[in-house]
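A short worksheet on the structure shown next.
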Amino acid sequence: MEMETKYNHKSVEEGKYESWVYSGYFECGHTNAKPFTIVIPPPNVTGKLHLGHAWDTTLQDIMIRYKRMKGFDTLWLPGMDHAGIATQAKVDKKLQESGIDPRSMKREEWLKVAWDWKKEYAENIRSQWAKLGLSLDYRKERFTLDEGLSKAVRKVFVDLYNEGLIYRGTRMINWDPVAKTALSNEEVIYKDIEGSFYHIKYPIVGTEEYLEVATTRPETMFGDNAVAVNPEDKRYQKWIGKNVILPIVNREIPIIADPHADPEKGTGAVKITVNHDPNDYEVGKRHNLEGITCINLDGTMNEVALHYEGMDRFECREKLVEELKEKGYLLSIQNITHNVGHSERTGVPVEPMVSKQWFVKMRPLADKVLGNQKDKKNKVHFLPSRFEKIMNHWMEITYDWCISRQLWWGHQIPAWYKDDEIYVGMEAPKEEGWVQDEDVLDTWFSSALWPFSTLGWPDKTKDFEKYYPTSVLVTGYDIIPFWVNRMTFQGLHFTGQRPFEYCYIHGLIRDKLGRKMSKSLGNGVDPMDVIEEYGADSLRYYLATSTAGGTDLRYEEEKVRSTWNFINKIWNASRFVLLNLEDYQEEMNLKDTDKWILTRYEKTVKDVTKYMDKYEFQNVGSILYKFIWEDFCDEYIEMAKFSLNDSTTKQVLLKVLKGILQMLHPFMPFVTDEIYSRLPNSKENIMVSVYPIYEKSYVFESEEEKVTDSIQFISTFRNVKAEHHIGKDYSVVFQNKEDYSFISKRLKLEGHIVDACEKSIYYPVTYKNYSLYLYDEKEESKEDEEKKQKEIESLKSSIQKRETLLSNENFCKKAPEKLVEEEKKKLELEKKKLAELER
RNA sequence: GGGCGUUUAGCUCAGUUGGUUAGAGCAUCUGCCUUACAAGCAGAGGGUCUGCGGUUCGAGUCCGUAAACGCCCACCA
């Protein structure tokens, strides 16, 4: 079938993915070669993939496709994450919208709904992966709640518990009052918000005086245990040990001395609410204060808050301030901007709460990572390397990880209770009367095991033996604390090895103005829409080559369009080659121009391979773009038009085109497959063809230079001709006996060449050994003379600069000889040109 | 407060270990329908590489310093 005259991404991409999957090309285990493994960062089963996913997965697909063509046994393992809080929130919302109160359901009933949800969204995600062309081995697909992965989770929990690295305890934790669950520190996002600083009068018992206490959270005063002042603070020293009366509540609490009170902040006297503030909790421990809880788990006030019982915490704040004002306790209100922790998932301000939860003791695990990172051979290598610091810093300051979540969607904690006894084990105890912990584990607890749990661990499977540790992990820098760090310590602890050799970090996708893409701004771009308009190949190439590693990417549709143009260029160049391929023969009799393109091609193969091995796709992109568009299309194809009957030309065209397609294939799998399949003798599919290998026997330095010089001369000629607006009436006189046949053909000089010309207006065109005079047939203008003078001036100054440089002894002594020689040559050339101009 | 990143053409970005006249896409200007491609071809204009100081024969690149913007961590009564 003939190729269409324009690249049509829809018809090219149609049906290809299905045939790839069917053919089994994506499956690992075809060879005994060295394995190359990537586990996909499992997307959450909460929605559609966004551009960030498209970027992240494209990078991985490029690595996998490259390594596959390089002969590795590649495994790219797909999977998805149950995403505890996020999914539960979505399922709940859906139920509520249909008039059902999710919490009135039985756990089992609710889970059934959640699994249906999961199924639907997993299908959707798979179809998006297909659109992107990802070469995933679906036989190995995993889900974080799979039986196998659950087993790994239980094993890790039980082992850590037995080693004393998991414990249950009452601590102050971050509480999400909407999701009604505990959170880890990483799930709390601090945001600057406008707030008020309320100055409240706390009367001192037995006096007429009072302490002025400033707080941003007056509603917590029902739980106040004390007022703290700094022991060094002269203003308050006399009151230490006395009591104050809590307004409204009318409860006496002591004035204590504690360094936590900062004399510079607020009034220097700070109310201590042991159960509702992390710092106060520490103060409480130091002073043996019994905490008083005044807020319920759903964010409403409890009975301690007297007549505010049942009221939402923020409404209570408002009403309470009014009451304080009425009763004369409110001294002033100051407007301030302060940082308040919000739940990453529900977005509401978190409530510090004292609660019994499960924790992972982090110190020993983190130390193991820090130790391993000192081992250059076995550490996780970050790309770019600076991101290692982020992980190491986290390991240094990390503290115990709260892993229990009061949710239904997740791995239920493998702990059973009977009276005061606790049993932790892989399975429920056999005796009667044991009740399993209702809570589930933090989603990241199972994600942390992903690189090995997906390969069958803790069983000693063949996959685990062969494909672990994985080769590269690809993710955004925002996920380092949540995931990369935790995979690293769990991997080291349980497998004794790093979970991945390299950790390739990319940035975030932003909109054209540099803003994060978000639902609230409405600036999100659906990758499926982009694929519809420009094709997956355009999107992939754009995403992979537009930015250097680790930096953010501003999405620009114009650039995707420009990539489409590039593919259209490749399409048409291929069309040209294929249209001229009849009578194709297997003999090679290389001309200079063939040697020129082959030399450049080999250099391209060498450089591209170098950068592919370093995963520097931006560099690969620019090298390929330049080679394909400029060298292959603009020059070689144009040259080839003069020798299309030559079998060698055809063969060179084919050889270079084939290599181009192969090097582009990891970036644009669909269109390269389409064109490659049309090439003669392409028996195998491009994705399992052998990646081009640098061949020195096709490098011809002197011929390359010779042809490059003529190309430079051609370009100089066109430049002069265009600069002086010379139309079709002109004559040329060659100044020496070089071979101009090739140049004449490219410039279509035939009919313009004369032996000599009488006209006085002429322009010298000189490049290296080539030199001719260009005569314009129209009259000389003043403008032309000015231009000529300008050129003379700039030549003179350039000559001067070079002479100064060359007369510098240090330069001649210290600079590389080659550079000095080149400078000398250039100087001579310029002098020659100047002489021509001034003749 | 600690750390990191960015700052290069009108816009978005490259620029490998210091070495010709700092590159690309888009945009702009000029001339071309030259049959692979007008979503193209051939040319052109546009940058004191954020400022200052230093090392060097030579600095966008290395060192120091200042600024602007952004991010992370910690603190945040």
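Naming: A, B, ... by sequence-line order, numbering from 1 per chain. Model, not experiment: these values are computed from the prediction. For the numbers below, each heavy atom of this structure counts, side chains included, while hydrogens, waters and symmetry mates do not.
Taking only distance into account, the side chain of A:Lys389 never meets the base of B:rC4 through a donor-acceptor pair shorter than 3.5 Å.
If you check B:rC62 for Watson-Crick or wobble pairing at under 3.5 angstrom, you find it paired to B:rG54. For B:rA74, there is no paired nucleotide, since no Watson-Crick or G-U wobble pair has both relevant distances below 3.5 Å. A 3.5 Å limit on both hydrogen-bonding distances identifies B:rA42 as the Watson-Crick or G-U partner of B:rU30. The partner of B:rC13 is B:rG23, judged by Watson-Crick or G-U wobble contacts that both fall below 3.5 Å. Base-pair partner of B:rU6: B:rA68 (Watson-Crick or G-U wobble, both distances under 3.5 Å).
Contact annotation for A:Lys641: base contact, defined as any heavy-atom pair under 4.0 Å involving a base atom. Within the 4.0 angstrom heavy-atom criterion, only backbone atoms of the sugar-phosphate kind lie near A:Ala214; the bases stay farther away. Heavy atoms of A:Ala261 sit under 4.0 angstrom from at least one base atom. Using a 4.0 Å heavy-atom distance criterion, A:Cys633 is classed as a base contact. Residue contacts for A:Glu388: at a heavy-atom cut-off of 4.0 Å it reaches no nucleic acid atom on any strand shown. At the heavy-atom level, A:Tyr190 lies under 4.0 Å from base atoms of the strands shown.
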Problem - side-chain contact (heavy atoms from CB on, under 4.5 Å) assessment of A:Ile597 paired with A:Met639 - result: CA-CA 10 Å; A:Ile597 191 69; A:Met639 297 172 193; over 6 Å; no
Handout entry: Step-by-step side-chain contact (heavy atoms from CB on, under 4.5 Å) determination, A:Leu553 to A:Leu51
Key = CA-CA 10 Å; A:Leu553 173 65; A:Leu51 264 187; over 6 Å; no
Problem - Chi angles and distances behind the side-chain contact (heavy atoms from CB on, under 4.5 Å) call for A:Leu320, A:Phe222 - result: CA-CA 11 Å; A:Leu320 175 63; A:Phe222 298 105; 3.9 Å; yes
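In this structure, the nucleotide among B:rG25, B:rC73, B:rA14 sitting nearest to the side chain of A:Thr547 is B:rA14. The side chain of A:Gln618 has B:rC13 as its nearest neighbour among B:rC37, B:rG43, B:rC13. In this structure, of B:rA14, B:rG19, B:rA36, it is B:rA14 that holds the atom nearest to the side chain of A:Asn619. Here the side chain of A:Arg802 is nearest to one of B:rA36, B:rU21, B:rG40, namely B:rU21. Among the nucleotides B:rA36, B:rG15, B:rC13, the one closest to the side chain of A:Ala548 is B:rG15. For A:Lys271, the side-chain atoms get nearest to B:rA77 when compared with the rest of B:rA77, B:rC11, B:rC75. Considering only side-chain atoms of A:Asn565, the nucleotide from B:rC37, B:rC26, B:rU30 that sits closest is B:rC26. Distance from the side chain of A:Arg386 is smallest to B:rC4 among B:rG19, B:rC4, B:rA77. Nearest to the side-chain atoms of A:Arg718 among the listed nucleotides B:rG25, B:rA42, B:rG19 stands B:rA42. Side-chain proximity of A:Pro816 to the nucleotides B:rA77, B:rC75, B:rG19 is greatest for B:rG19.
Between A:Arg217 and B:rA77 there is no side-chain N or O to OP1 or OP2 distance below 4.0 Å. Dashed line: the shortest gap from a side-chain N or O of A:Trp564 to OP1 or OP2 of B:rG25 is not under 4.0 Å. Distances shorter than 4.0 Å separate some side-chain N or O of A:Asn719 from OP1 or OP2 on B:rA44. Contact annotation: A:Lys569 side-chain N/O to B:rC41 OP1/OP2 distance is under 4.0 Å. Taking only side-chain nitrogens and oxygens, A:Ser715 comes nearer than 4.0 Å to OP1 or OP2 of B:rG43. One finds a side-chain N or O of A:Thr551 lying less than 4.0 angstrom from the OP1 or OP2 phosphate oxygen of B:rA14.
The NZ atom of A:Lys748 sits 12 Å away from the C1' atom of B:rU35 (whole-angstrom rounding). We find that NZ of A:Lys825 is positioned 16 Å from P of B:rU21, with the value rounded to whole Å. Rounded to an integer number of Å, the gap from A:Lys813 NZ to B:rU56 C1' is 14 Å. Across the protein-nucleic acid pair, A:Asp478 atom CG and B:rC71 atom P stand 13 Å apart, rounded to whole Å. We find that CZ of A:Phe811 is positioned 13 Å from P of B:rC57, with the value rounded to whole Å. Distance A:Asp280 CG to B:rC75 P: 14 Å, rounded to the nearest Å. Between the C1' atom of B:rG43 and the CG atom of A:Asp634 lies a distance of 13 Å, rounded to the nearest Å. Distance, A:Tyr542 OH to B:rC26 C1': 12 Å, rounded to whole Å.
Nucleotides B:rG1 and B:rA66 place their P atoms 13 Å apart, quoted to the nearest Å. Here, B:rU7 and B:rC26 have their P atoms 22 Å apart, quoted to the whole Å. Look at the C1' atom in both B:rU28 and B:rC11: the space between them is 12 Å, to the nearest Å. Spacing of P atoms, B:rA22 relative to B:rG70, comes out at 33 Å, to the nearest Å. The separation of B:rG19 from B:rG58, taken at their C1' atoms, amounts to 7 Å, rounded to a whole angstrom. Between B:rC73 and B:rG18, the distance separating the two P atoms is 34 Å to the nearest Å. Only the P atoms considered, B:rU30 is 29 Å distant from B:rU8, to the nearest whole Å. Atom C1' of B:rA68 sits at a distance of 33 Å from the matching atom of B:rA77, rounded to the whole Å.
No side-chain donor from either of A:Glu705 and A:Thr708 sits under 3.5 Å from a side-chain acceptor of the other. No donor-acceptor contact under 3.5 angstrom links the side chains of A:Thr267 and A:Glu212, judged on distance only.
The distance from the CG atom of A:Leu508 to the CH2 atom of A:Trp55 is 7.5 Å, given to the nearest 0.5 Å.
Ring geometry for A:Tyr7 against A:Trp564 counts as tilted: the plane angle lies between 30° and 60°, on a 0 to 90° scale.
Of the two residues contacting RNA chain B, namely A:Glu558 and A:Asn572, the nearest-nucleotide position lying further toward the 5' end is that of A:Glu558. Sequence order on RNA chain B of the closest nucleotides to A:Leu805 and A:Gly266 puts A:Leu805 first from the 5' end.
With a 6.0 Å cutoff to the six-membered ring centre and a 45° limit on the axis angle, A:Lys569 does not count as a cation-pi contact of A:Tyr625.
A:Arg540 places a side-chain N or O within 3.5 Å of a backbone atom of A:Phe667 that can act as its donor or acceptor partner.
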